[in-house]
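Residues: numbered from 1 along the sequence shown. Start at 1 and go down the list; that is how both ligands and their atoms are numbered.
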Amino acid sequence: MAEILGLTGSIASGKSTVSSFFKKMGYPVVDADLVARKLVLPGMPVNHKLKSVFGSAVFEGSTLNRKKLGQLVFSDPQKLTLLNQIMQPAIRTEITRQLRKYQDEKLVVLDAALLLEQGYQKLVDKVMVVSILPELQVQRLMARDRLPLKEAKQRISSQWSQEKKLQLADIVIDNSSSVEETQHQVLKWLDNSKLR
Ligand SMILES: Nc1ncnc2c1ncn2[C@@H]1O[C@H](COP(=O)(O)OP(=O)(O)OP(=O)(O)O)[C@@H](O)[C@H]1O
Ligand SMILES: [Mg+2]
């Protein structure tokens with residue numbers, strides 16, 4: 001059985017930076033965001049379900065317009081609940097299926113921004129949280145997404161706090177220094193866990 005590592009952290013903490021390092025090292029990575037995007041592609045059962053529930057106004061042909069759907073559910077909490085009721089079981093099932101595919105590997109990583117919010121702890125053996133100094137988090141978010149300070153702060157505060165996530169971590173990777181220093185921490189964990 002593969003060791004399943006759940007990788008998470010707040011926005012712009014460095015999850016993608018860490019998960020691409022795992023990929024570079026040759027470990028399989030299941031990306032929850034990619035799973036969600038794949039499920040709504042034309043021809044997928046979830047795509048049909050969304051069309052029958054939310055109507056063709058949020059579609060272009062059989063292609064879901066994610067932005068329009070986002071706007072629709074943003075202004076209507078009941079619709080958001082409905083969307084979650086459709087998406088979340090499908091995402092969870094597909095994640096489980098993909099993780100199972102890698103069961104003969106030593107390690108498989110589940111990269112999920114909302115790992116803790118969605119209760120995916122149950123799907124993984126260990127939770128790794130990428131942490132970052134709050135002032136650097138704002139800076140990196142502003143730089144990457146070209147956001148003004150106010151909006152960057154809003155996005156950060158719309159999520160669970162880092163403190164809350166860190167309390168649920170088995171492993172903490174501090175990404176406040178260089179990428180090399182972060183990779184060094186990951187390598188050290190792999191060595192200590194005899195996963196390399
Ligand atoms: N150690 C580092 N030093 C400098 N810049 C970094 C470092 N780690 C990540 N970055 C940069 O900070 C930004 C955020 O990192 P990254 O995209 O990996 O975060 P994330 O947690 O995946 O974000 P999101 O929650 O939006 O998916 C990126 O522009 C990335 O290149
Ligand atoms: Mg990312």
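- Remark: of the listed residues K165, Q159, K164, K165 is the sole one forming a side chain to side chain donor-acceptor pair (under 3.5 Å) with E117.
- In the vicinity of S177, heavy-atom distances shorter than 4.0 Å reach the ligand 1 atoms 1 (N), 2 (C), 3 (N).
- Atom NZ of K101 has more than 12 heavy atoms from other residues, nucleotides or ligands within 6.0 Å.
- Of all the heavy atoms of A113, none lies under 4.0 Å from any atom of ligand 1, so neither backbone nor side chain is involved.
- When the heavy atoms of S13, A12, S176 are ranked by distance to atom 14 (C) of ligand 1, first place goes to A12.
- Ranking protein heavy atoms by distance to atom 12 (O) of ligand 1, first place goes to R140 CD, 3.4 Å.
- For ligand 1, the atoms sitting less than 4.0 Å from at least one non-hydrogen atom of V179 are 1 (N), 2 (C), 7 (C), numbered in the order shown with element in parentheses.
- For atom 31 (O) of ligand 1, the closest non-hydrogen atom of the protein is T17 OG1, 4.7 Å.
- Neither the backbone nor the side chain of A143 comes within 4.0 Å of ligand 1, counting heavy atoms alone.
- Using a 4.5 Å heavy-atom threshold, the side chains of N47 and F59 count as touching.
- Those atoms of ligand 1 that come under 4.0 Å of a heavy atom in G14, given as number and element, are 15 (O), 16 (P), 18 (O), 19 (O), 20 (P), 21 (O).
- Not close to ligand 1: S20, with no non-hydrogen atom less than 4.0 angstrom away.
- Closer than 4.0 Å to atom 3 (N) of ligand 1 lies at least one heavy atom of the protein.
- Protein heavy atom nearest atom 28 (C) of ligand 1, with residue, atom name and distance: R144 CD, 3.8 Å.
- For the Mg ion (ligand 2), the set of nearby N, O or S atoms under 2.8 Å includes one belonging to S16.
- Around CD of E135, the count of heavy atoms belonging to other residues, nucleotides or ligands within 6.0 Å exceeds 12.
- Within 6.0 Å of atom NZ in K153, 12 or fewer heavy atoms from other residues, nucleotides or ligands are found, so the atom counts as exposed in its surroundings.
- With respect to atom 8 (N) of ligand 1, the closest heavy atom belonging to the protein is N175 ND2, 2.9 Å.
- The single protein non-hydrogen atom nearest to atom 20 (P) of ligand 1 is K15 N, 3.5 Å, given as residue, atom name and distance.
- Salt-bridge annotation for K106 and E3: absent, with no side-chain N of the basic residue lying under 4.0 Å from a carboxylate O of the acidic one.
- Near S16, meaning under 4.0 Å from one of its heavy atoms, ligand 1 places the atoms 18 (O), 20 (P), 22 (O).
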